[in-house]
Trainee: 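First, the structure itself, so that you have it in front of you.
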Amino acid sequence: MSMMNNYRKGWALRYLREARAELTAAQKTPYMASSLILEALRKAQAAIYYSLGEPAFIASIVRETFYTKQFVEDPILKFLVEIERAIQQIAQIPRSDSGKVMEQVNDLVQLASEIVELFTGESA
């Protein structure tokens with residue numbers, strides 16, 4: 001029996017595919033890399049949200065945890081807070097640092113893929 005419905009599963013897998021496509025596009029178009037990298041990270045974040053439950057509910061928990069700087073023991077919530085932190089930081093990084101940032105985001109997208117695969121039972 002699946003842990004999630006087909007609607008959420010479909011969106012989670014779609015967002016992962018799009019995150020990977022954004023990273024590929026960032027490599028091919030350096031002048032747009034910074035915005036594409038940020039968008040890839042946001043889509044990876046959304047993929048995890050859809051795989052865990054109602055995205056708006058998950059997002060509110062993550063935002064509250066992030067902005068109140070609460071101590072987090074749960075590994076998935078901790079990871080989601082780290083993604084939120086990365087999004088905030090990447091939005092502030094100058095365009096010249098996109099190579100290093102792309103590597104970090106690629107790693108985060110890979111981790112997001114593993115989380116989504118765990119909950120969906122499918123790889124994107």
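All figures in this text were calculated on a predicted structure; none of them were measured in a lab. Residue numbers start at 1 and run along the sequence shown. The analysis underlying the following values was restricted to heavy atoms, covering all of them including side chains, and did not include hydrogens, waters or symmetry mates.
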Trainee: Which residue pairs satisfy the side chain to side chain donor-acceptor pair (under 3.5 Å) criterion with at least one member in residues 55-68, sequence neighbours excluded?
Mentor: T68-Q70

Trainee: From the options Q104, Q27, M32, M102, select the one residue that forms a side-chain contact (heavy atoms from CB on, under 4.5 Å) with I37.
Mentor: M102

Trainee: Please step through side chain to side chain contact (heavy atoms under 4.5 Å, CB included) for the pair L80 and L52, ending with a clear verdict.
Mentor: CA-CA 11 Å; L80 292 174; L52 293 175; 3.7 Å; yes

Trainee: Answer whether the closest heavy-atom distance between the side chains of L36 and L23 falls below 4.5 Å.
Mentor: no

Trainee: Between L38 and I87, what is the shortest heavy-atom contact and its length?
Mentor: CD1-O, 3.7 Å

Trainee: Tell me, with the steps shown, if E54 and I58 meet side chain to side chain contact (heavy atoms under 4.5 Å, CB included).
Mentor: CA-CA 6 Å; E54 176 58 40; I58 304 294; 5.7 Å; no

Trainee: Any Lys/Arg nitrogen of E18 or R14 sitting under 4.0 Å from an Asp/Glu carboxylate oxygen of the other?
Mentor: yes

Trainee: For Y15, give me all partners under ring pair (Phe, Tyr, Trp, His ring centres under 6.0 Å), at least two apart in sequence or on another chain.
Mentor: W11, Y50

Trainee: Under the side chain to side chain contact (heavy atoms under 4.5 Å, CB included) rule, what do I48 and F119 come out as? Steps first, then yes or no, please.
Mentor: CA-CA 9 Å; I48 296 171; F119 285 99; over 6 Å; no

Trainee: Could you check F79 against D74 for side chain to side chain contact (heavy atoms under 4.5 Å, CB included), going step by step and ending with a plain yes or no?
Mentor: CA-CA 9 Å; F79 179 67; D74 180 73; over 6 Å; no

Trainee: If you take all heavy atoms of A12 and V116, which pair is closest and at what distance?
Mentor: CB-CG1, 4.0 Å

Trainee: Would you name the heavy atoms of A26 and A33 that are closest together and state the gap between them?
Mentor: O-CB, 3.7 Å

Trainee: Which heavy atom of A47 sits nearest a heavy atom of L16, and at what distance?
Mentor: CB-CG, 3.8 Å

Trainee: Is a donor from one side chain sitting under 3.5 angstrom from an acceptor on the other, for E84 and Q88?
Mentor: yes

Trainee: Could you list the residues that satisfy side-chain hydrogen bond (donor to acceptor under 3.5 Å, both in side chains) with E22, not counting sequence neighbours?
Mentor: K43

Trainee: How many angstroms lie between CD in Q45 and CD in E82, if you round to the nearest 0.5 Å?
Mentor: 12.0 Å

Trainee: Could you report the tightest heavy-atom contact between I83 and L41, atom names first, then the distance?
Mentor: CG2-CD1, 4.0 Å

Trainee: Strictly by modelled atom types, are R20 and S113 linked by a side-chain donor-acceptor pair under 3.5 Å?
Mentor: yes

